[in-house]
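One is the number of the first residue; the rest follow in order along the sequence. As the structure is a computational prediction, the values presented were derived from the model and not from experiment. These numbers come from the heavy atoms of this one structure, side chains and all, not from hydrogens, waters or symmetry mates.
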Amino acid sequence: MPISSRRCMWSWVAGAVILWHLAGLGTVHSVWGAEARSSGQMVYVPVYSYIFIGDRAATFNLAATLSVRNIDPVHSIYVTAADYHDAAGRLVKKQIEKQVVLKPFASTEAFIAESDISGGLGTSFIVQWKSDQPVMPPVIECVMIGTRSGQGISFVSPGRVIQEHSK
């Protein structure tokens, strides 16, 4: 590639990087800035105990791992509930019996076995957390995975805030 073409390409790349940063997209602060802080939330997390596959809608069981990750670099959060509900919305199991303290960058999880399809297809977790001061909200998601006869399926279901708690 001729030197003039390389200079042109690098000028374009440098210009794109500068525009990216000027737009505020180059920093974490622009994504999770002060406007996104919270003192606590109730979060709905969809869970799939199984999915349907093939023309005959055969079921494919899935194991599910709920993950709650404190992404605030300074402050701890308290996970006060992780309740597993069936497809009808009834409480199946309280996954956390007592409050769990998550220090900065710490995480906790809850597991639903692949063989446990008692909740039906449309199960969910309702996770509640709080903090002593406004923090960056935790990442709350559920990872589903299943394997059968050399076939593997996995996907992530993100949590969705359904209630904001105020101090």
Side-chain angles (χ1 to χ4, degrees), residues 20 23-28 30-33 35-73 75-131 134-166:
W20 181 265
L25 300 173
T27 62
V28 172
S30 68
V31 177
W32 290 322
E35 69 281 356
R37 293 182 178 271
S38 175
S39 295
Q41 299 171 326
M42 178 186 293
V43 180
Y44 174 87
V45 187
V47 180
Y48 299 87
S49 299
Y50 57 89
I51 56 173
F52 297 110
I53 59 172
D55 291 339
R56 294 186 175 181
T59 58
F60 194 107
N61 292 2
L62 302 168
T65 303
L66 172 73
S67 176
V68 180
R69 298 169 181 264
N70 181 7
I71 62 168
D72 194 281
H75 303 291
S76 295
I77 65 169
Y78 307 93
V79 181
T80 58
D83 297 338
Y84 185 57
H85 293 262
D86 67 13
R90 292 181 299 259
L91 178 64
V92 174
K93 182 178 183 186
K94 289 184 170 292
Q95 294 288 75
I96 294 177
E97 293 300 323
K98 64 178 188 167
Q99 172 173 286
V100 175
V101 179
L102 293 182
K103 294 182 187 245
F105 303 122
S107 64
T108 189
E109 70 284 325
F111 179 74
I112 304 297
E114 185 175 334
S115 60
D116 182 356
I117 59 168
S118 61
L121 176 64
T123 57
S124 62
F125 279 106
I126 300 297
V127 177
Q128 295 193 60
W129 69 271
K130 65 181 181 177
S131 180
V135 298
M136 287 187 251
V139 173
I140 303 175
E141 57 193 3
C142 192
V143 179
M144 275 71 56
I145 186 166
T147 59
R148 182 181 354 157
S149 303
Q151 173 68 50
I153 295 175
S154 63
F155 56 95
V156 176
S157 181
R160 185 172 184 176
V161 176
I162 57 174
Q163 186 175 31
E164 192 73 34
H165 299 301
S166 58

Undergrad: For Gly120 and Ser49, work out which heavy atoms get closest and say how close.
TA: O-OG, 3.2 Å

Undergrad: Looking at Ile77, is its backbone amide N or carbonyl O close enough to the side chain of Ser131 to form a donor-acceptor pair, meaning the two atoms are under 3.5 Å apart?
TA: no

Undergrad: Kindly give the heavy-atom pair with the smallest separation between Gly146 and Leu62, and that separation in Å.
TA: N-CD2, 3.6 Å

Undergrad: Quick one: pull up CG in Asp72 and CG in Leu102 and give me the separation to the nearest 0.5 Å.
TA: 11.5 Å

Undergrad: Please test Phe155 against Ile51 for side chain to side chain contact (heavy atoms under 4.5 Å, CB included), starting from the C-alpha separation and ending with a verdict.
TA: CA-CA 11 Å; Phe155 56 95; Ile51 56 173; 4.3 Å; yes

Undergrad: For the atom pair CD1 (Ile145) and OG1 (Thr65), what is the distance rounded to the nearest 0.5 Å?
TA: 8.5 Å

Undergrad: For Pro158 and Pro46, which heavy atoms make the closest approach, and how far apart are they?
TA: O-CD, 3.6 Å

Undergrad: Which distance, rounded to the nearest 0.5 Å, do you find between the CE of Met136 and the OG of Ser38?
TA: 12.5 Å

Undergrad: Give a yes or no answer on whether the side chain of Asn61 reaches the backbone of Ser115 with a donor-acceptor pair at less than 3.5 Å.
TA: no

Undergrad: In sequence, state the C-alpha distance, the side-chain angles, and the governing distance for Tyr78 and Val100, and then conclude on side chain to side chain contact (heavy atoms under 4.5 Å, CB included).
TA: CA-CA 6 Å; Tyr78 307 93; Val100 175; over 6 Å; no

Undergrad: I need the minimum non-hydrogen distance between Arg69 and Ser107, along with the two atoms involved.
TA: CG-CB, 3.7 Å

Undergrad: Measuring from atom CD1 of Ile71 to atom CZ of Phe105, what distance do you get when rounded to the nearest 0.5 angstrom?
TA: 8.5 Å

Undergrad: To the nearest 0.5 Å, how far apart are OG1 in Thr80 and NE2 in His165?
TA: 6.5 Å

Undergrad: Phe125 and Tyr84: aromatic ring centres closer than 6.0 Å?
TA: yes

Undergrad: Let's go through Val92 and Thr123 carefully: what are the C-alpha distance in whole Å and the side-chain angles of both, what is the deciding distance for side chain to side chain contact (heavy atoms under 4.5 Å, CB included) to 0.1 Å, and is it a yes or a no?
TA: CA-CA 9 Å; Val92 174; Thr123 57; over 6 Å; no

Undergrad: Say you draw a straight line from CE of Met144 to CZ of Phe60; how long is it, rounded to the nearest 0.5 Å?
TA: 13.0 Å

Undergrad: Is the shortest heavy-atom distance from the side chain of Val135 to the side chain of Trp129 under 4.5 Å?
TA: yes

Undergrad: Going by side-chain contact (heavy atoms from CB on, under 4.5 Å), Gln95 matches just one of Asp83, Thr108, Ile112, Leu66. Which one?
TA: Ile112

Undergrad: Side chains of Leu91 and Ile126, heavy atoms from C-beta outward: is any pair under 4.5 Å?
TA: no

Undergrad: Evaluate the side chain to side chain contact (heavy atoms under 4.5 Å, CB included) criterion for residues Lys93 and Asp116: first the C-alpha distance (whole Å), next the side-chain angles of each, then the deciding distance (0.1 Å), finally the verdict.
TA: CA-CA 12 Å; Lys93 182 178 183 186; Asp116 182 356; over 6 Å; no

Undergrad: So, applying side-chain hydrogen bond (donor to acceptor under 3.5 Å, both in side chains) with Gln41, which one of Gln163, Glu164, Lys130, Gln128 is it?
TA: Glu164

Undergrad: Work out which heavy atom in Ser39 is nearest to a heavy atom in Pro134; give both atom names and the distance.
TA: OG-N, 3.6 Å

Undergrad: Heavy atoms only: give me the nearest Leu121-Tyr50 pair and the separation to one decimal.
TA: CD1-O, 2.6 Å

Undergrad: Within the 4.5 Å heavy-atom criterion, are Lys103 and Asn70 side-chain neighbours or not?
TA: no

